[in-house]
Amino acid sequence: MKKRLITSLIIFTLVISSFFASVKKLPQKTITITKSDGSTVSVLAEIARKPEDRAKGFMERKKIPDGTGMIFVFEQDQILSFWMKNTPTPLSIAYFDSQGKIRDIFDMKPYSLAPVQSTTSVRYALEVPQGWFKKNGVQPGDSISISF
């Protein structure tokens, strides 16, 4: 009986630990997007710089609050490709070039393994809850200030 209880407690602890590890947030920064009309809109974004953070992204996150997101920072300009493996929340992604200009915005489907690729070389990708860009009037040509 005592051995079974200890085993159950160990399993429970492992399950709880893996749950909290899977929703661990990265450092955050407010990202301000300047629209073509000069107005601005901001999003509180987690910053994914390391390869392991970029690989995990929003995987397993069931709730991504409106006004928040994740910015993926790469070392050099390149064609970027993202997918939604193990990601239950519908997202939109904007690809930014090294000058901070939005080149593409795409919607992504939960759990999809289909690649969502930038149409040109870019340095950054910003994921937000699906529809956030549209709702806030953000479109290709708008820009962010680069200071990560």
Side-chain angles (χ1 to χ4, degrees), residues 9-148:
L9 285 173
I10 290 171
I11 291 171
F12 176 76
T13 302
L14 290 172
V15 168
I16 293 298
S17 296
S18 68
F19 169 76
F20 284 111
S22 70
V23 294
K24 179 184 167 200
K25 288 190 176 182
L26 298 170
Q28 296 178 315
K29 180 174 178 106
T30 299
I31 306 295
T32 301
I33 300 171
T34 302
K35 299 190 281 183
S36 58
D37 67 1
S39 64
T40 61
V41 63
S42 297
V43 60
L44 182 61
E46 295 179 49
I47 303 171
R49 292 179 196 267
K50 296 188 252 177
E52 59 270 20
D53 295 334
R54 294 190 305 242
K56 182 151 178 72
F58 275 134
M59 284 184 180
E60 311 301 337
R61 303 263 189 109
K62 292 184 173 116
K63 178 76 173 127
I64 300 164
D66 192 42
T68 67
M70 184 175 293
I71 190 153
F72 298 80
V73 180
F74 293 84
E75 293 77 24
Q76 61 188 12
D77 290 354
Q78 58 192 298
I79 299 292
L80 293 179
S81 185
F82 280 65
W83 63 357
M84 294 286 285
K85 181 179 179 182
N86 297 326
T87 306
T89 305
L91 299 174
S92 294
I93 189 168
Y95 290 113
F96 294 82
D97 65 21
S98 57
Q99 302 304 306
K101 183 178 177 182
I102 297 177
R103 307 299 291 210
D104 303 294
I105 297 176
F106 300 107
D107 287 338
M108 301 190 301
K109 295 179 182 172
Y111 299 109
S112 175
L113 300 181
V116 177
Q117 188 170 321
S118 64
T119 60
T120 187
S121 289
V122 292
R123 178 83 47 104
Y124 310 96
L126 176 62
E127 291 180 340
V128 294
Q130 194 169 97
W132 186 88
F133 293 119
K134 186 175 184 173
K135 180 175 80 175
N136 287 282
V138 175
Q139 53 194 337
D142 295 346
S143 61
I144 59 171
S145 296
I146 308 300
S147 61
F148 303 108

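For the numbers below, each heavy atom of this structure counts, side chains included, while hydrogens, waters and symmetry mates do not. These figures come from a predicted structure and were not determined experimentally. Numbering of residues begins at 1 and proceeds along the displayed sequence.
- The CD1 atom of Ile64 lies 11.0 Å from the CD atom of Gln130; values are rounded to the nearest 0.5 Å.
- A donor atom on one side chain and an acceptor atom on the other are not found under 3.5 Å apart for Thr40 and Thr34.
- Closest approach of Ser92 and Gly131 over heavy atoms only: OG-N, 3.1 Å.
- Between Arg61 and Glu46 there is a salt bridge, since a side-chain N of the basic residue sits under 4.0 Å from a carboxylate O of the acidic one.
- Considering NZ of Lys25 and CG of Leu44, their distance stands at 7.5 Å, rounded to 0.5 Å.
- Between Thr89 and Pro129 the shortest side-chain heavy-atom distance does not fall below 4.5 Å.
- Between Ile144 and the choices Ile31, Thr32, Val138, the side-chain contact (heavy atoms from CB on, under 4.5 Å) rule is met once, by Ile31.
- Here Gln28 contributes atom CD and Ile71 contributes atom CD1; the two are 13.0 Å apart, rounded to the nearest 0.5 Å.
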Please evaluate residues Asp66 and Lys135 with respect to the criterion salt bridge (charged side-chain N to carboxylate O under 4.0 Å, His left out), reporting the C-alpha separation (whole Å), side-chain torsions for both, the decisive distance (0.1 Å), and the verdict.
CA-CA 11 Å; Asp66 192 42; Lys135 180 175 80 175; 2.7 Å; yes
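- Closest of all the heavy-atom pairs between Pro110 and Pro88 is CB-O, 3.5 Å.
- Residues passing the salt bridge (Lys or Arg N to Asp or Glu O under 4.0 Å) test with Asp97, sequence neighbours excluded: Arg103.
- Salt bridge absent: Asp142 and Lys35 never bring a charged side-chain N and a carboxylate O closer than 4.0 Å.
- Across Phe106 and Gln117, no two heavy atoms sit closer than the pair CE1-O, 3.5 Å.
- Minimum heavy-atom separation, Thr87 to Met59: OG1-CA, 3.7 Å.
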Would Lys109 and Met84 satisfy side-chain contact (heavy atoms from CB on, under 4.5 Å), going step by step from the backbone distance to the final call?
CA-CA 7 Å; Lys109 295 179 182 172; Met84 294 286 285; 5.8 Å; no
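- Across every non-hydrogen atom of Ser118 and Asp104, the tightest pair is CA-OD2, 3.5 Å.
- In this structure, Gln76 and Arg123 approach most closely via the heavy-atom pair C-NE, 3.3 Å.
- Taking the ring-ring contact (aromatic ring centres under 6.0 Å, His included) definition, one finds that Phe72 meets it with Phe82, sequence neighbours left out.
- For the atom pair Asp107 CG and Leu91 CG, the distance stands at 9.5 Å (nearest 0.5 Å).
- To the nearest 0.5 angstrom, Ile33 atom CD1 is 9.0 Å from Ser143 atom OG.
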Apply side-chain contact (heavy atoms from CB on, under 4.5 Å) to the pair Phe133 and Leu126, showing each step before the final yes or no.
CA-CA 10 Å; Phe133 293 119; Leu126 176 62; 4.1 Å; yes
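- Note that OG1 of Thr68 is 10.0 Å distant from CH2 of Trp132, once rounded to the nearest 0.5 Å.
- Glu52 CD: more than 12 foreign heavy atoms inside a 6.0 Å radius.
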